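Accompanying notes for the structure given below.
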Amino acid sequence: AEKADVVIIGAGLSGLHSAELLRELGMTVILLEANDRIGGRVQTVQTVDGPIDVGASQIGRSYARVLDACQRYDLKLISEDRDLLSFGGYIKGAWVDPKTWDTNPLNRTVGDERKINPILMGQAVTAKFNPLKEVDEWLDPKFARYDISLRQLMKRNGYSDAAIELASFSAPGIGIDETSMLRMWQEETRGGVDRRNGPPPPVQQSRDHPFGEANDHNLVDGLASTNNIVGGCQMLPLAMGAKLGEAVRLNRKVGRIEMTGKGATVICTDGSVVSARFVISAIPFSVLRKVEIIASKDNPLQRKAIDTMPYANTARMYVTVEKPFWKEDGLPPSFSTDGPIGMFWAIDNHTGEGRHRAMVVMVGLVAQAISRMEHGEAEAYIQAELVRMRPAAKGLIRLATYKDWLRDPNQLGCGFSLAPGQVNAFGRTLANPWQNLHFAGEHTRRLDFGMESAMESGERTAMEIAALV
Ligand SMILES: Cc1cc2nc3c(=O)[nH]c(=O)nc-3n(C[C@H](O)[C@H](O)[C@H](O)COP(=O)(O)OP(=O)(O)OC[C@H]3O[C@@H](n4cnc5c(N)ncnc54)[C@H](O)[C@@H]3O)c2cc1C
């Protein structure tokens, strides 16, 4: 067996950051990566239309560690150019205008609910009842009673069945029954930090699209509210990996971890073996549950977390629209639907004419359903659905690339979730070490979100180990 002080499983941002910090502390590190590339959920695909980030791309002003790493590796940031054109809704087989929804006969909600944009019901209710002020409060037992679903929250607060039905297709998280409110509010409360770092309102207030995809483009200390890395986001893990050099081993899928109390042995599916004093699992629980973990002391609660933590999916089809078909049919360029393709995001090209970039964005239960189809079948189905709803789009949509994160065998999902009851059951302890096994990855976040949470967890595990040697 090869030997190192620390063996890290997974070369996503969390594993890479942990490795760079442990190396700075003088430890020997080996990083085992199942894939033939590093970066995990940071992936840039080269297409005929240029590089496209099919995973993470957006870097906020308060991404301290990510920004610091970009500076260290001399990566250039630019204000994101992905503002969305205005949104409509295709609900129950009809086009609805959010502005006149209040008086639309299809609107069966009651009282004040009638005024809520139907494509935003889930998000609006989630935001309205968020009791958290600080980024760590989602784990505070003081808020344990909110470890419930969005449906339960809406029922508790007297919402009509029609409002609950609408909320089910715009619920943040996996779905209206599947995700704990505390998990949803963690993300929302953390998002508030970025908003506080931006220019004062009303800069973004006039936008009529709902998904926080509008960049305010106002530079504060040289940063817009949303920034991208020039050349694609994968430039960051590539730079980190290049510095680690031969410590990163590609095509090494871990199949087994054996812990003895004094150390651990990690065995890959190709038969190669690495022994180390410490192991860091920097892979999602969706794939860790396929790894055999042998420990001299069992940890039933952690096993439960690894085995049952749900993962959300997103599938996205990135396309070029040859000419703006919305000028033909007079409907809003972007739209959200309660049907099987979720959302169509038309991206502003700043001229209003000619080619536009666009994305079909499937999240939640819609994304889980589309995953049952092979890529080719899914692409054809999505194109057909688009043309069914927007006949004017026929022949004008050209595929750039498609990515379904649930079908990626090294990811099996796009991001961690916690079901109602799971924050109280194991959410507060799942980042704790189990003998020599430490846990990094965005799913072990405490305060942060997105790429920054992966970096946060890499830093935490490096500090845990530094404190033990
Ligand atoms: C579509 C999408 C859009 C996103 N957009 C943003 C955004 O705009 N901004 C933002 O901040 N965040 C975004 N995120 C979130 C961000 O990408 C993640 O939080 C972050 O990259 C996770 O890093 P990680 O190290 O925790 O895990 P990962 O990146 O998943 O790394 C895990 C690694 O482990 C490897 N692995 C798996 N199994 C094994 C095994 N058995 N043996 C060895 N290796 C294994 C995998 O191949 C992978 O490389 C997005 C995510 C997705 C999917």
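Read the numbers this way: they start at 1 and go in the same order the structure lists the ligands and their atoms. Small disclaimer: the values here were computed from a predicted structure and weren't measured.
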Distances only, to 0.1 Å: what are the N or O pairs between ligand 1 and the protein that fall under 3.5 Å?
unit_1, atom_1, unit_2, atom_2, d
ligand 1, 8 (O), S57, N, 3.1
ligand 1, 8 (O), Q58, N, 2.8
ligand 1, 9 (N), Q58, O, 2.9
ligand 1, 11 (O), Y63, OH, 2.7
ligand 1, 11 (O), M451, N, 2.8
ligand 1, 12 (N), M451, N, 3.3
ligand 1, 17 (O), R41, O, 3.4
ligand 1, 19 (O), G450, O, 3.2
ligand 1, 25 (O), L13, N, 3.3
ligand 1, 25 (O), S14, N, 2.9
ligand 1, 25 (O), S14, OG, 2.7
ligand 1, 26 (O), E442, N, 2.8
ligand 1, 27 (O), R41, NH2, 3.1
ligand 1, 29 (O), R41, N, 2.8
ligand 1, 30 (O), R41, NE, 2.8
ligand 1, 30 (O), R41, NH2, 3.1
ligand 1, 30 (O), Q411, OE1, 3.4
ligand 1, 30 (O), Q411, NE2, 2.9
ligand 1, 41 (N), V254, O, 3.1
ligand 1, 42 (N), V254, N, 2.9
ligand 1, 44 (N), A34, N, 3.1
ligand 1, 47 (O), E33, OE2, 2.6
ligand 1, 49 (O), E33, OE1, 2.6
ligand 1, 49 (O), E33, OE2, 3.2
ligand 1, 49 (O), G40, N, 3.4

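- Under a 3.5 Å cut-off, the side chain of R61 and the backbone N or O of L223 do form a donor-acceptor pair.
- Qualifying side chain to side chain donor-acceptor pair (under 3.5 Å) partners for E188, counting only residues two or more places apart in sequence or in other chains: N130.
- When the shell of 6.0 Å around CZ of R355 is examined, it contains 12 or fewer heavy atoms from other residues, nucleotides or ligands.
- R445 and Q186 share a donor-acceptor pair across their side chains, judged by distance under 3.5 Å alone.
- Crowding of D221 atom CG: a count of heavy atoms from other residues, nucleotides or ligands under 6.0 Å not exceeding 12.
- Within 6.0 Å of atom CD in E374, 12 or fewer heavy atoms from other residues, nucleotides or ligands are found, so the atom counts as exposed in its surroundings.
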